[in-house]
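Okay, so here's the structure we're looking at.
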Amino acid sequence: MTRSATPVNVRAALVQAALEIFAEKGFESASTREIADRANTNISSIRYYFGDKAGLYRAAYTEPLSGADLTPPPDLFETHSLQQALEILYKAFLEPLKHGETLRLVMKLHFREMIEPTGAWEQEIDAEIRPHHHMLVHALSRRFGLEKPDLDVHRLAFSLVGIAVHYMIGQDLVDAFCPAVLKSRRAVDVLVQRLAGYGLGMVHAEYLRRGLPVPGDLLASLSAQGGAQ
């Protein structure tokens with residue numbers, strides 16, 4: 001470790017090096033010594049900051065995009081219009097697209113975690129993904145006047161999230177077919193607005209499928225979307 005290195009810089013360097021090497025080799029094959037060497041620090045720093053290799057892995061799995069964390073509040077759909085709630089939801093989901101190569105490494109590590117599980121993916125499901133799905137499902141159920149969600153509400157919730165998921169896991173395809181869609185931070189912001197509009201259309205279609213009257217606020221939002229540039 002160089003004398004000029006601060007604790008914050010050493011810890012951040014270890015997380016970055018761990019992200020790169022864990023994404024490349026997986027948890028079992030990665031060497032803590034290799035990670036320390038890439039971070040230009042001593043292997044003892046891993047024990048100091050993270051306790052052990054597993055602690056370092058958890059940090060590499062959860063922290064690199066923490067600055068992009070825009071986790072929506074649990075009362076999102078009660079305190080905002082449907083359009084605003086969808087925009088906030090998609091912004092939180094797609095903000096990492098503004099982080100370039102870091103996101104690619106994070107996604108690679110997530111894919112590897114699914115193939116070679118350490119428990120981090122299951123923890124993420126329970127701590128983040130499941131609560132967000134329940135929030136969306138119950139908000140949709142209330143809109144449709146249901147006491148509890150049915151299968152079609154779950155289908156709609158999965159579909160609303162799915163249109164955003166594709167941009168995360170299919171970033172290479174988007175770059176290959178139409179890179180302008182994600183070429184800049186502004187392009188990602190426009191994408192958030194468009195997905196909110198598409199989401200409104202899905203919810204509108206579900207009202208019609210169920211034979212329910214479409215609320216005026218949804219019709220107004222759809223009309224405004226139609227006139228948006």
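Side-chain atoms are counted along with the backbone in the values below, which use heavy atoms only and exclude waters and symmetry mates. These numbers come from a predicted model, not from an experiment.
- For the pair H80 (side chain) and L76 (backbone), a donor-acceptor distance under 3.5 Å is present.
- The two atoms that bring A92 and P72 nearest to each other are CB-CD, 3.9 Å, heavy atoms only.
- For the pair E101/L105, a side-chain contact is recorded, criterion being any heavy-atom separation below 4.5 Å from C-beta on.
- Using a 4.5 Å heavy-atom threshold, the side chains of H138 and P149 count as touching.
- A side-chain contact (heavy atoms from CB on, under 4.5 Å) with Q225 is found for one member of R194, Q83, Q193 and no other, namely Q83.
- Counting heavy-atom neighbours within 6.0 Å of Y198 OH, excluding the residue itself, gives a total of 12 or less.
- Around the CZ atom of R104, the shell of radius 6.0 Å holds more than 12 heavy atoms that belong to other residues, nucleotides or ligands.
- A17 and I35 get closest at one heavy-atom pair: CB-O, 3.6 Å.
- L89 is listed as a side-chain neighbour of M135, based on a closest heavy-atom distance under 4.5 Å.
- Residue A18 comes nearest to A60 through the heavy atom pair CB-CB, 3.9 Å, listed as atom of the first residue, atom of the second, then distance.
- Here the CG-NZ distance, from L103 to K108, works out to 13.5 Å after rounding to the nearest 0.5 Å.
- When every heavy atom of L86 is checked against every heavy atom of A196, the shortest pair comes out as CD1-O, 3.8 Å.
- The distance between the ring centers of H110 and Y61 falls below 6.0 angstrom.
- Residues I163 and Y90 have side chains in contact (heavy-atom distance under 4.5 Å, counting atoms from C-beta outward).
- Transitive grouping of hydrophobic side chains (ILVMFWY, heavy atoms separated by less than 4.5 Å) brings F111 and I129 into a common cluster.
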Chi angles and distances behind the side chain to side chain contact (heavy atoms under 4.5 Å, CB included) call for L82, S221: CA-CA 9 Å; L82 179 59; S221 295; over 6 Å; no
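- A heavy-atom distance below 4.5 Å is found between the side chains of D150 and R210.
- A donor-acceptor pair is defined here as one N or O able to donate and one able to accept, closer than 3.5 Å; such a pair exists between the side chain of Q84 and the backbone of S81.
- Under the 4.0 Å criterion applied to side-chain N and carboxylate O atoms, E63 and R11 are assigned as salt-bridge partners.
- The cationic atom of R112 (NZ for Lys, CZ for Arg) does not lie both less than 6.0 Å from the six-membered ring centre of F22 and within 45° of the ring axis.
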Verdict with supporting geometry, E20 and Q16, side chain to side chain contact (heavy atoms under 4.5 Å, CB included): CA-CA 6 Å; E20 295 170 2; Q16 179 62 33; 3.0 Å; yes
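- Between the side chain of T79 and the main chain of D75, a donor-acceptor pair closer than 3.5 Å is present.
- Distance alone, capped at 3.5 Å, places no donor-acceptor pair between the N42 side chain and the S44 backbone.
- To the nearest 0.5 Å, atoms CG (L109) and CD (E116) are separated by 10.0 Å.
- A pairwise comparison of heavy atoms in L65 and P96 identifies CD1-CB, 3.6 Å as the closest pair.
- The distance from atom OG1 of T102 to atom CG of L19, rounded to the nearest 0.5 Å, is 7.0 Å.
- Going from atom CZ of F77 over to atom CD1 of I88 covers 9.0 Å, rounded to the nearest 0.5 Å.
- Scanning all heavy atoms of the two residues, the minimum distance from A157 to H133 falls at CB-CE1, 3.8 Å.
- Between Y57 and F27, the angle of the ring planes goes over 60°, which puts this pair in the perpendicular group of the 30/60° scheme.
- Without hydrogens or angle criteria, E113 side chain to T118 main chain gives a donor-acceptor distance under 3.5 Å.
- Residue E122 qualifies as enclosed at atom CD: its count of foreign heavy atoms under 6.0 Å is above 12.
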Stepwise side chain to side chain contact (heavy atoms under 4.5 Å, CB included) check, V165 with F93: CA-CA 8 Å; V165 169; F93 199 92; 3.5 Å; yes
Worked check of salt bridge (Lys or Arg N to Asp or Glu O under 4.0 Å) between K25 and E34: CA-CA 11 Å; K25 298 185 176 182; E34 181 181 8; 2.8 Å; yes
Working for salt bridge (Lys or Arg N to Asp or Glu O under 4.0 Å), residues R186 and D189: CA-CA 5 Å; R186 171 58 182 161; D189 290 338; 5.0 Å; no
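- Of the possible donor and acceptor atoms, none in the side chain of H204 sits under 3.5 Å from a partner among the backbone N and O of L200.
- Using a 4.5 Å heavy-atom threshold, the side chains of L160 and L140 count as touching.
- L195 places a side-chain heavy atom less than 4.5 Å from the side chain of L191.
- A continuous path of ILVMFWY side-chain contacts below 4.5 Å connects L156 to L208, so both sit in one hydrophobic cluster.
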Test salt bridge (Lys or Arg N to Asp or Glu O under 4.0 Å) applied to D175 and K183, step by step: CA-CA 8 Å; D175 288 344; K183 72 175 181 179; over 6 Å; no
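- A perpendicular orientation is assigned to the rings of F144 and Y207, their planes being inclined by more than 60° (bins at 30° and 60°).
- Side-chain atoms of S141 and K148, non-hydrogen and from C-beta on, never get closer than 4.5 Å to each other.
- At least one donor-acceptor pair under 3.5 Å links the side chain of S159 to the backbone N or O of R155.
- Between the side chain of K53 and the backbone N or O of I46, no donor-acceptor pair lies under 3.5 Å.
- The distance from the CD atom of Q171 to the CD1 atom of I169 is 11.5 Å, given to the nearest 0.5 Å.
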